[in-house]
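Structure record follows, encoded as structure tokens.
Quick caveat: nothing in here was measured; it's all calculated off a predicted structure. Start at 1 and go down the list; that is how both ligands and their atoms are numbered.
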Amino acid sequence: MRYGHFDDERREYVITRPDTPLPWINYLGSEAYFGIISNTAGGYSFYRDARLRRLTRYRYNNVPFDLGGRYLYLRDTVSGDFWSPSWQPTRSELEDYECRHGMGYSAISSRHEGIEAETLYFVPVDENLEIWRTRVTNKRDSEAKLSLFSAVEFCLWDAWDDQTNFQRNFSTGQVEVEGSVIYHKTEYRERRDHFAYFACSEPLAGFDTQRDTFLGAYNGWDSPAAVERGESFDSVANGWAPCGSHHVELTLAPGESKEIVFVLGYWENPDEAKFDPPGSQTINKKLVKPVIERYLRSDEAEGAFQRLRDYWSELLGILQVSTPDEHTNRMVNIWNAYQCMVTFNMSRSASFYESGIGRGMGFRDSNQDLLGFVHMVPGRASERILDIAATQLPSGGAYHQYQPLTKRGNDDVGSGFNDDPAWLILGVAAYLKETGDISILDEEVTYDNEPGSESPLYEHLQRSLRYTLHRLGPHELPLIGRADWNDCLNLNCFSTTPGESFQTTENKEGGVAESVFIGGLFVLAAEELAQIAELRGHTDEAKCYRDDGAKMEATVREHGWDGAWFRRAYDYFGDVVGSADNEEGQIFIEPQGMCIIAGIGVDDGKAVQALDSVSDRLATKHGIVLQQPAFSHYYVNLGEISSYPPGYKENAGIFCHTNPWIMIAETIIGRGDAAFDYYQRINPSSREDISELHRCEPYVYPQMIAGKDAPSFGEAKNSWLSGTAAWNFVAASQWILGIRAEYNGLRIDPCLPKDWERFEATRIFRGATYRISVNKPKGVCKGVTQVVVNGTKAEDNLIAPHPAGSEVVVEVTMG
Ligand code: BGC
Ligand code: NOJ
């Protein structure tokens, strides 16, 4: 069953009924001011940091779902009937409800008793504000007298404190109202130089800024007292809970439309010019007023919207493909790329599953996200790389997380996730391949943000590799530390105390648990660093890295191979994990993917055997589960992984992040049908028809789909913010379609389903535009037989970079 449909032409998902199984959300904002918005206008806004600069309040895990939002109410003055044109919060009956989630905007429209309302919500590029442009149309054959009320609830900035510190917060709230603008200025009187504003293009019949007056003490958002009676109270908040509501009266002749613009924004004043007049307690509005006035104008709002559309056309235009499969096209061209940009902007902070008050930016997460967006915003990718590297520890280890505002490592979580450093090498490698900008390697970057500790970025990569080499266990495999990629495989933890964090609690002394996964990751990273060393002309050094890689590869073959698949780890006692010898958790997905991506077992049949084992033991119709058999009970020596009931999350859920590793591995051994089949199983667009089961948005990947051991097999959770976005994008675009940036050019090496005969793509790479057509007459999966570049036969399928601005026609034949 579907709840809407894709409109690929407009790059939108169109939701046609408001009661989706879960709130289906979208993101507003591209640079500093952001919001999440659901299909019923729920969600919230913030400036840079969802926790520390929250503009509007949201009620997590609320009943009913999804409360707090960008709400409007329409009220018929004659009948007294009122409703929300976005369905929430009144949930009145609507005709023709539609929510169009697009690239950086959402438009919600509906009709009730002959009154149509459409609201477009978006954040202009480069501005710290959001526009709600509402058009109300009278489709009745008689005049309509209406009231329009807006409503937001302000958050007192620190979203965590806001939800917990009521003894203070109920006494600090302050606002100012001037004309049609409501200013929220809590704490502006003391140390804040910023305020929020909520403005309306029309003269007001009234306003409210005190929530409990607007709603009435015991009413909910579905029946605000002001809306019920049809008149605002003109309340001025003083402590308690400041809100913003405008009341606009409309009289519309039959067929008449009226456009009303609201602007909700964030503003910082210079410290010395906070007040006007100086010495008063009144906000200095001189600087902000022109901005507000500008965007309240319809033509300016429209211009800003067009610029936003152009911004996305440009980013998405960097890779466009046309294949025989519409789900692939839609995801690669639009939604998967968009999700990658959202993970770049949000990291793991704000979604329907991430509260915005939780964790910071992940070291590993951010490096992986980069793989999915580096081609779109390489300049911002290089900033991100330097930020991440500056938190690296002198040992080469890494804080597992850092805070986006301070850009410093997070002491609460600390370090010791022993896969972390290797991801920096992979992130930098992706940047170098995309841009060819090797000067970044000479950038001086601190360790642990300590001034004076700078070394070139290149040395950070060297230390990353050494970190692993200096931490080998009894089998010469890398020590796992607190965890590797699988945060929930906590082999040195042994926690028996409820509520204790598995990852940060005191680890057991002398832990010798080892990770086969990090072994594979190391082999991959060592080869990347060897190639980077070569780019710098250090051939001897490159040889050393290759030797280190080869040694590790031999170790993985010796101690990491179980007979039919790669093992997962050795635990605290030196016992194997992920082996036929185990009762549960015999085979894990991660080392099958990572070891083969690193090339291990490709030449001796192990890769084929491991992937056959994945197919036999892990693959399901909804995707590949993380391990089997699921842990039926808690294993103190394995940690959080066994804390989840079978089929969820790391305990045998379909962790969508790891599935593309298997897709890539399948392309490496040339099995295009298998790779594509796995791709389709978790592709959200191809799951659209089972939306009632899948439940999450059909336009973005979830982190997890419940595995076959769970009662809700096939149900997705944790949509949007996951490394799943980047890795699926990489698998589809670089390995299945095979268009891959390398250090010395663009490689075209597809591995496709047998029955595909051709596909086309446009790829902008280092400023030149490559128009690529791939023909595959013979029904093979892999193997390029001929490449013609601008009419001339090329030597192989690696196309050297062409001058920026040029057009390159590439004709590829497979056979
Ligand atoms: C979650 C993992 C996640 C980790 C982040 C755990 O509680 O289950 O999926 O990776 O926290 O630190
Ligand atoms: C989510 C984390 O953010 C990611 O880095 C990790 O690898 C997975 N969980 C698996 O545990």
- Query: Of F417, W485, W423, F363, which has the heavy atom at the shortest distance from atom 6 (C) of ligand 2?
  - Reply: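 Comparing heavy atoms across F417, W485, W423, F363, the nearest one to atom 6 (C) of ligand 2 lies in W485.
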- Given that the side chain starts at C-beta and the backbone is N, CA, C, O, which of these parts of D365 lies under 4.0 Å from ligand 2, counting heavy atoms, or is it both or neither?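 Side chain only; the backbone of D365 stays clear of ligand 2.
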- Which of parallel (below 30°), tilted (30 to 60°) and perpendicular (above 60°) describes F417 and H400?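 Answer is parallel, since the angle falls under 30°.
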- Mark up the atoms of ligand 2 that fall under 4.0 Å of a heavy atom belonging to Q703, in ascending order.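 Heavy-atom distances to Q703 below 4.0 Å select 1 (C), 9 (N).
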For the residue pair [X] and [Y], would you count it as a cation-pi contact if the rule is NZ or CZ under 6.0 angstrom from the ring centre and within 45 degrees of the ring axis?
X	Y	answer
R463	Y447	yes
K407	Y402	no
R384	F344	no

Could you tell me whether some N/O pair between [X] and ligand 2 is separated by less than 3.5 angstrom?
X	value
R348	no
Q368	no
D487	yes

- Item | Closest contact, heavy atoms only, V512 versus Y572 |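 Answer, listing the atom of V512 first, then Y572: CG2-O, 3.4 Å.
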